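For reference, the structure is listed below as structure tokens.
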2 protein chains.
Amino acid sequence: MSNKNIGIKDVAVAAGVSVTTVSHVLNEVSYARISPETRDKVRIIAEQLGYGPNRLAQALRTQRTGMLGLVSEDIATTPHAGRIILGADEAAKARGYNLMIINTSGSASLESRRADVEALLERRVDGILYATMYHRNVELPANLGSVPSVLVDSVAAAGNITAVIPDEEGGARAAVEALLAAGHSRIGFINNTDDVPATRQRLRGFRATLTEAGLDGAAAPVESEVSEVQGGYEAARRILAREDRLTGLFCYNDRMAMGAYRAAAELGLVIPTDLSVVGFDDQELIAANLHPGLTTVALPHYEMGAWATEHLIDAVEGKTDLSLMALHPTILSCPLVRRDSITAPRQ
Amino acid sequence: MSNKNIGIKDVAVAAGVSVTTVSHVLNEVSYARISPETRDKVRIIAEQLGYGPNRLAQALRTQRTGMLGLVSEDIATTPHAGRIILGADEAAKARGYNLMIINTSGSASLESRRADVEALLERRVDGILYATMYHRNVELPANLGSVPSVLVDSVAAAGNITAVIPDEEGGARAAVEALLAAGHSRIGFINNTDDVPATRQRLRGFRATLTEAGLDGAAAPVESEVSEVQGGYEAARRILAREDRLTGLFCYNDRMAMGAYRAAAELGLVIPTDLSVVGFDDQELIAANLHPGLTTVALPHYEMGAWATEHLIDAVEGKTDLSLMALHPTILSCPLVRRDSITAPRQ
DNA sequence: GGACGTGGGAGACAGATGAGCAACAAGAAC
DNA sequence: GTTCTTGTTGCTCATCTGTCTCCCACGTCC
């Protein structure tokens with residue numbers, strides 16, 4: 001039952017000491033010399049009164065709010081945002097920080113995003129996390145630079161801010177390797193049409209892995225469509241109509257894989273016995289609920305949120321120099337999540 | 001390019017007036033008598049210097065932070081949380097407030113949730129939104145009561161806090177009415193097994209709507225299973241095996257509907273011509289991506305978040321008395337989202 | 001000599017912090 | 001053995017953070 005009308009002054013009066021002493025005791029100020037008896041008394045009385053410090057007043061004096069701003073794109077659209085927020089929130093909470101969240105849109109004007117950052121700055125957040133909903137290059141409002149900042153799931157167009165991104169190529173490699181390991185050699189890729197890093201890097205990973213396995217990666221079949229269920233369906237129809245009868249299919253994301261499932265069903269192909277499929281994103285709602293469960297590559301949203309928060313706090317507390325880390329984005333791996341959509345090809 | 005080292009004092013010096021005057025001008029204090037020239041000068045200089053008020057200091061002085069706390073359950077698990085947050089954020093931003101978010105777990109101990117609320121209180125949020133991820137009765141930490149609070153998507157076990165919840169029964173009615181309107185008369189319901197309000201109220205809506213249409217609602221077939229894809233599949237297998245060949249199926253949620261789709265496919269039933277299906281939740285990722293698109297009932301998460309925020313702010317600003325509203329939860333309607341899973345039954 | 005037009009001074013908000021002060025003890029000088 | 005010095009312990013005072021707001025002051029005009 002903490003009563004927020006209780007101040008340090010009330011504790012001081014009740015304990016018969018000065019506010020200075022109460023402050024010293026409660027903050028365990030190292031150089032303060034106070035007898036153990038007094039310390040106990042202060043602590044007990046503070047507890048009894050349900051005293052909690054006014055973080056506003058603390059922050060005003062110490063120039064530290066213990067708040068981090070999180071500008072997040074399109075919170076409602078994907079579950080990805082939730083995972084980033086969760087990772088950030090847990091990392092922040094563990095170190096005594098809290099998150100102030102502002103939603104923005106990927107298509108919002110630079111000015112409106114500047115205003116969002118400004119709102120955070122007026123509240124004197126100690127640092128800012130800027131999270132985008134998919135891996136790309138973003139143009140950032142200039143005022144972002146006025147406090148320590150970290151980018152999540154994208155890199156700054158200007159290249160001047162520390163960022164953490166997923167290992168798209170490594171994820172693609174893991175996916176293709178899983179197909180190779182199961183014995184497949186006729187493997188296709190249905191890719192996204194957007195010109196974003198994920199599109200390019202997953203393709204690179206796809207081709208390189210095949211080549212390294214002794215196959216002709218450069219000639220391996222690739223069909224591109226809009227990265228939605230319908231696009232996946234169409235690309236799969238095309239790629240499965242090839243003469244060389246693919247047995248393994250790597251999909252740009254789980255939604256496209258969902259379309260591929262339908263295409264396969266229409267063609268009378270049973271997954272995984274006739275066609276093994278791997279997705280990307282690990283969108284639980286889709287991947288775990290398709291039948292059979294979709295083996296896919298997980299994007300490390302939680303981990304990116306946590307990593308970014310850890311390092312942001314380190315910077316805030318002077319333990320790290322973010323400008324050094326800004327030179328190259330940090331890359332977090334995308335682990336394969338095995339379900340039931342891969343098996344050995346038929347003879 | 002706002003510089004956060006600039007204070008009201010700097011503006012005052014640069015403008016050659018007192019801080020009082022600057023404060024009066026910038027806050028447009030009604031009783032302040034200051035010449036238009038002075039006002040302009042102050043405003044221009046503040047702008048030039050990139051002055052932004054220190055909200056901490058303002059808050060300390062005025063006892064208003066303009067921050068709302070949002071305790072949200074399981075942010076990462078469903079997209080629902082994102083929609084609530086979005087609704088709350090937009091409503092808050094429109095009125096000059098910001099959101100401080102803390103994640104918690106539906107299964108977290110009362111004590112840990114008390115600590116979460118406590119963290120918010122120490123930061124002197126003006127009010128608290130407490131959002132759960134599905135409609136149920138929750139036991140709330142007692143310190144929630146120390147500032148204005150509103151519950152989102154649940155009602156307080158103690159019944160003492162203003163709440164906003166979805167119209168589960170109305171949503172079920174809309175779903176069944178859509179089937180009736182298409183001409184169906186043999187309609188079944190696959191329900192959840194959890195004993196939560198949604199389970200009971202959707203069932204009630206299902207039966208009542210049939211009865212009012214002159215059918216035997218009390219005898220209408222209902223099968224219950226765990227509210228996941230697999231449960232939906234099993235319940236659908238059972239309910240579709242009945243002799244009276246249902247032509248319409250109402251599903252507790254979209255995940256169960258997804259399972260029903262598979263059951264129908266296995267039985268050689270084509271949706272919607274052989275079987276019309278309605279879901280609940282409008283989980284985009286599922287409903288829009290099933291084939292054919294699933295007609296379903298949308299839960300008003302965005303609206304609940306916005307409604308709760310509006311009324312919370314009203315209470316904070318003294319325009320509303322929440323204790324009066326606490327007597328009965330506010331119920332927001334669940335609109336039907338039409339896609340392609342309903343058509344007229346075969347003759 | 002009030003009324004009006006313009007503007008400034010001095011707390012107060014709640015807590016943090018460096019400097020300083022009283023009380024006492026141990027050791028040194030006489 | 002007494003006084004002075006120096007040090008330590010235990011705690012307090014004054015000031016600071018940036019802004020708001022009540023109350024007062026000054027000059028001018030009727």
Side-chain angles (χ1 to χ4, degrees), chain A residues 2-43 45-46 49-67 96 121-126, chain B residues 2-43 45-46 49-67 96 121-126:
Chain A
S2 77
N3 184 333
K4 287 317 169 201
N5 303 322
I6 300 290
I8 199 175
K9 202 175 300 181
D10 304 292
V11 177
V13 171
V17 297
S18 71
V19 291
T20 303
T21 301
V22 176
S23 176
H24 283 338
V25 172
L26 265 24
N27 293 317
E28 298 180 352
V29 173
S30 59
Y31 58 80
R33 297 168 313 220
I34 297 163
S35 71
E37 298 78 46
T38 307
R39 286 177 188 276
D40 287 349
K41 185 167 53 172
V42 168
R43 275 195 266 259
I45 294 201
L49 263 42
Y51 170 75
N54 182 326
R55 301 274 244 132
L56 294 176
Q58 275 186 331
L60 185 61
R61 182 65 231 261
T62 61
Q63 306 288 5
R64 276 286 163 76
T65 53
M67 299 196 305
L121 293 176
E122 284 186 355
R123 295 200 182 277
R124 298 301 191 274
V125 294
D126 292 336
Chain B
S2 77
N3 183 333
K4 286 321 171 199
N5 303 322
I6 300 288
I8 199 175
K9 202 175 300 180
D10 303 293
V11 177
V13 170
V17 297
S18 71
V19 291
T20 305
T21 301
V22 176
S23 177
H24 283 338
V25 172
L26 265 24
N27 293 316
E28 297 179 354
V29 174
S30 59
Y31 57 80
R33 298 164 315 212
I34 297 164
S35 70
E37 298 78 46
T38 307
R39 287 178 189 275
D40 287 349
K41 184 167 54 174
V42 168
R43 275 194 268 260
I45 294 204
L49 263 41
Y51 169 76
N54 182 326
R55 301 274 244 135
L56 295 174
Q58 276 187 332
L60 183 61
R61 181 63 232 263
T62 62
Q63 306 287 355
R64 276 286 162 75
T65 54
M67 299 195 307
L121 293 176
E122 284 187 354
R123 294 201 183 274
R124 296 305 191 272
V125 293
D126 292 335

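Just so you know, these numbers come straight off a predicted model, no measurement behind them. Convention: sequence-line order gives letters A, B, ...; per-chain numbering from 1.
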Ignoring backbone atoms, test whether [X] places a side-chain nitrogen or oxygen under 4.0 Å from the OP1 or OP2 oxygen of [N].
{"X": "A/N27", "N": "C/dA16", "result": "yes"}
{"X": "B/S35", "N": "C/dG7", "result": "yes"}
{"X": "A/T62", "N": "C/dG15", "result": "no"}
{"X": "B/Y31", "N": "C/dG7", "result": "no"}

(Q) Tell me the interatomic distance from B/N54, atom CG, to C/dC13, atom P, rounded to whole angstroms. (A) 18 Å
Q.
Expressed as a whole number of angstroms, how long is the span from A/L56:CG to C/dC13:C1'?
A. 10 Å
**Q.** A/D40 side chain to A/E37 backbone, donor-acceptor under 3.5 Å
**A.** no
Q. For B/V29, does its backbone N or O pair with a side-chain atom of B/N27 as donor and acceptor, under 3.5 Å?
A. no
Determine the contact category for [X]: base if any of its heavy atoms lies under 4.0 Å from a base atom, sugar-phosphate if only primed atoms, P, OP1 or OP2 are that close, otherwise nothing.
{"X": "A/T21", "value": "base"}
{"X": "A/V17", "value": "sugar-phosphate"}
{"X": "B/S23", "value": "base"}

Q: Nearest-nucleotide wise, let me know which of A/A57 and A/V29 is further upstream toward the 5' end of DNA chain C.
A: A/A57
Q) From C/dC13, C/dA16, D/dT21, pick the nucleotide closest to the side chain of B/L60? A) C/dC13
(Q) By nearest atom, which of the nucleotides D/dG18, C/dT17, C/dG15 is closest to the A/Q58 side chain? (A) C/dG15
Q. Is a donor-acceptor contact shorter than 3.5 angstrom present between the side chain of A/T20 and the base of C/dT17?
A. yes
